[in-house]
Amino acid sequence: MARRKESDRAQQNNDDSDSNPNDELEEEPNFDDPEGYEDDISEQDLMGDLIRQRPKETDGVESIVVIDGVPQVGPERIEKLQNVLKKLFQKFGKITNEYYPLNPDGSTKGHVFIEYSNASEALEVLKGTNGYKFDKNHTFTVNLLTDFEKYNDILDKWENPVPQPFKEQGCLQYYLLDQDACDQFSVVYEQGDKVAVYLNTQPEPSLLEERPRWTETLVRWSPLGTYLATFHAKGIALWGGEKFQQIVRFSHPGVQFIDFSPCEKYLVSFSPLADSRATDEPQAIIIWDVLSGLKRRAFNADKSQALPIFKWSHDDKYFARMGVDMLSVYETPSFGLLDKKSIKVQGIRDFAWSPTDNTIAYWVGEEKDTPARVTLLELPSRNEVRVKNLFSVADCKMYWQKSGDYLCVKVDRYAKLRKDKSDIKYSGIYYNLEVFHMREKQIPVDSVEIKETIQAFAWEPVGTKFAVIHGEPPSTSVSFYEVKTGQTPTMVKKYERKPCNQLYWAPSGQFIVLAGLRSMSGALEFVDTQDFTVMNTGEHFMATDVEWDPTGRYVSTAVSWWGHKVDNAYWLWSFQGRILKRVALDKFCQLQWRPRPPSLLSAQQIKDIKKSLKKYSAQFEVKDRLKMTKASKELVEKRRKLMQEYEDLRKQKQEEYAEQRRRRIELRNNVDTDETEGRGGELEEETVEFFIKEETTFIDE
Amino acid sequence: MKPLMLHGHERSITQIKYNRDGDLLFSSAKDNHPCVWYSINGERLGTYEGHQGVVWAIDVDWETKRFMSGAGDNMLMIWDVQTGKALGKIEAKTSVRTCNFSYSGNMALYSTDSTMGNPSEIFIIDVRTVDSSFSTNDPILQIPLTNAPKATSMVWGNLDEVVISGHDNGDLAQWDLRTGKKINLVSEHAKSINDMQLSKDGGFLITASRDCTAKLFDADTLECLKTYKTERPVNSAAISPILDHVVLGGGQDAMDVTTTSTRVGKFDARFFHLVFEEEFGRVKGHFGPINSLAFHPDGKTYASGGEDGYVRLHQFDPSYFDFKFDY
């Protein structure tokens, strides 16, 4: 078309020039198409934009749905069927057209076309009636008519997906090969702008990696320490290997919380604000496969659920979430419900997995005449291995010991109950600790009663002790109990009036830090629970966090900018409470030790090592001493250099000073003040005697 | 040794200074009466009465004859040290923030705040004769800091040929007195410079800044040599006349004081090695930030004045002199 116009114009021009005889010499060439010329330009090229707007056959088709699985009826019952279907499908919008294809004999073919006034209504129908059970034998399959086109386009030839090239990621466990088994820790500071990873070498931690804007909020180590997870607006990134290169990325906009499964095979990410309306797929919670980076399953989240919503079994085989009156246990790697159905538990309040076995403990609140109860449920068999009924229960909290040997349920019990309309008021609250002996037959339960308010409870991770802070602050007490087979736990030690609010056991037990964080101004007490000696006390003013390193050799305390706005710093202590290092960082947020996987040594090997500890410790001491002398030598070297530089400068200054002597004297009226400076002038000591008082005393003879 | 507590001021101390001989200690506070004390026993010798506002800065000349004070009542006053009589005064447009006698004692400088549309200004005046006509004399030099950060601290340099000013924004400027021109400017500090003091021979300059650091400069080239880091704004810093030590004092702003406890030691005077920048000692005592510090000219005592209104005179223990860094 365009070409044609141009040539028309050319024609005109030609005419013009023809009419002007003076310009005959400059006659323009003739642009006319020769007779019978056919344009070889397709319409598509000429006016692709217009063609694209041309109505298609399928226009308006998106508001048509095809319903399959409709009963086939003879002509006499068509009207009845139409009425029934109309009633059903009218709910979703205005039906503008319907079509029942018929067999030659007049009976329906078993599928129906219904057209709605617009496409969104058709989509609603799809959601609402696909899989609808019409009667016992008929289930509807609903599709959009446009879908047929999509399915038509499927290529006949199957192309195998191209395997991704293998990416070498180096040894992700390299940090366990450190010669001196030093631990790493991550530090987030400057309000999250900077993240650094240090190796906790003595006497000075050494910097391994520091990156600006590595994360947008905080970082998390995976439970075995293989990965470092960073948070971004668009999702989560995992880093690992010696150079902390990116291993995998999970795209989940607005992600705020993550949770690794205990064997770090899976990652659960939670984006509280994710909008799932845009698509059919749930967006709020996504479970990812860490190794492949693929999404395994997504869930919607209820608003008021406590985090983490999903709790994992110790071996990554199961994960569970609590719903209203039910407990949903999912299995991996299918990510479907275990036995395809949730476990009905009327009035379930909370649950917790055993850290070592596939056993779930959950508790159910009181309901009219039925008492509250704690149930231990074995999976996948769903055997209730132990049920314990409890009376007058206001609240329960379950604490598993890390080795899975014991479960303690802290029961808040009441003496009186008053119902005020909808809210219930308890009075005369006292506390029971119900200890389940998991490793014994029939799982016996012992109970300890504590009259005072329990502020904190903590199991010794390895061992048989637990610690309780009870009483009203500031006059709280700390009690230690020992659990023995066949008898109630006995109190082994009580510290009266210990101002603290948090308990931090060393990961291997025996040692504990009693900490008074935040409002208790950061008082720390390091206790050896073998003989209950207070090894040391300290204070990190306004400390907000205490963390043990994974080996139990060091403790870090921190004043996080998130909790307190001034004096943000982290301090490192030995497990005996000796301060090793104070590091003040601007807007320091978070310190996290890199976890270690459980030791591969057998119990016997560990025992042997403990036996010959003297031999080993001698070696380590030599090593430490060497390191210290080397460090101090370096320091002395550095100081010497600094001093040398300074001395040179000072010498120069002194020369200048000497040169200026004449001028100085001139300025001060020819008085030489250089020598008298600071001597109080020409001071002479003078003794002045005063007569103060005279006394006469008679001595009796 | 137990420090001497000089309790004569009713409000927070703003500046303390020893005279050249070290027998007297002068102090000023937010009450209106600068004091003079015997440094040996802490006995108060007298006060200088006449100001009607916060006394921000004081100085004494090398002969301990004249004492100078600048105050929030827009007055710069020069006093006879011995009698306590005001010899002369100058009224400025705004409050007088700093004042210093020159090495010779023939000149003095003072600087004013920028308020009510008036810029901060630096004045150099002749103080050879101070009498009733003093207030009408023109200054030798007047440097208005129009559209520039105000001067918060000043010292004389290089035998009365230059002055060095520390500013609100952390800048350090050097001015040539003959031309009145700025000859050097360094921006090492991030926040306002609260105090500057020279070393005994005038070769080095220590600055104390709100950015939580004190820095050592070459007083001639203004080259930054050392940095002493703390966690709190540094209000004052001084160089020991006999050892390679510096002392820093500070604490957070008075309005934030309640967020910390004295136990944390943020109000301690902190001693650093001049060369290694390492902290080796702290002296507790004040229950508020330290506003001003001074070494006795013999280096065996130091004084600190705090927001709590006390001046404390500390005599060093023998262990202080025995302590040596390994190098």
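Predicted model only: the values in this text are computed from it and were never measured. Residue numbering restarts at 1 for every chain, and letters A, B, ... go by the order of the sequence lines.
Taking a 6.0 Å sphere around NZ of A:K627, one finds it holds more than 12 heavy atoms contributed by other residues, nucleotides or ligands. Within a 6.0 Å radius of CD1 in B:I183, more than 12 heavy atoms belonging to other residues, nucleotides or ligands are found. Within 6.0 Å of OH on B:Y38 lie no more than 12 heavy atoms contributed by other residues, nucleotides or ligands. When the shell of 6.0 Å around CZ of A:R213 is examined, it contains 12 or fewer heavy atoms from other residues, nucleotides or ligands. Other residues, nucleotides and ligands contribute only 12 or fewer heavy atoms inside 6.0 Å of the CD atom of B:Q82. Within 6.0 Å of atom CE in A:M628, 12 or fewer heavy atoms from other residues, nucleotides or ligands are found, so the atom counts as exposed in its surroundings. Taking a 6.0 Å sphere around CZ of A:R578, one finds it holds 12 or fewer heavy atoms contributed by other residues, nucleotides or ligands. Within 6.0 Å of NZ in B:K300 there are 12 or fewer heavy atoms belonging to other residues, nucleotides or ligands.
A distance of 10.0 Å separates CZ in B:F276 from CZ in A:R640, rounded to the nearest 0.5 Å. Taking OG of B:S104 as the start and CG of A:N669 as the end, the distance is 8.0 Å to the nearest 0.5 Å.
A heavy-atom distance below 4.5 Å is found between the side chains of A:M643 and B:D244. Between B:K226 and A:L642 there is a side-chain heavy-atom pair separated by less than 4.5 Å. Taking the side chain as every heavy atom from C-beta outward, B:L159 and A:E666 never approach each other to under 4.5 Å.
For B:F204 and A:Y646, the gap between ring centers is short of 6.0 Å.
Taking A:K641, A:K638, A:K653 one by one and counting their heavy-atom pairs under 4.5 Å with chain B, the maximum is reached by A:K653. Counting heavy-atom pairs closer than 4.5 Å to chain B, the top residue among A:L635, A:D586, A:V636 is A:V636. Annotation: maximal heavy-atom pairing with chain B below 4.5 Å, among A:R650, A:E645, A:E637, A:R639, occurs at A:R639.
The part of A:E656 that comes within reach of chain B is its side chain, from C-beta onward, which places non-hydrogen atoms under 4.5 angstrom from that chain. Looking at B:L24, neither its backbone nor its side chain comes within 4.5 Å of chain A, counting heavy atoms on both sides. Heavy-atom distances place the side chain of B:E278, and not its backbone, under 4.5 Å from chain A.
A salt bridge is defined here as a Lys NZ or Arg NE, NH1 or NH2 lying under 4.0 Å from an Asp or Glu carboxylate O, and B:E161 with A:R663 meets this definition. A salt bridge is absent between B:D160 and A:R664: the closest approach of a Lys/Arg side-chain nitrogen to an acidic carboxylate oxygen does not fall below 4.0 angstrom.
A cation-pi contact links A:R668 to B:Y103, judged by a cut-off of 6.0 Å to the six-membered ring centre and 45° from its axis.
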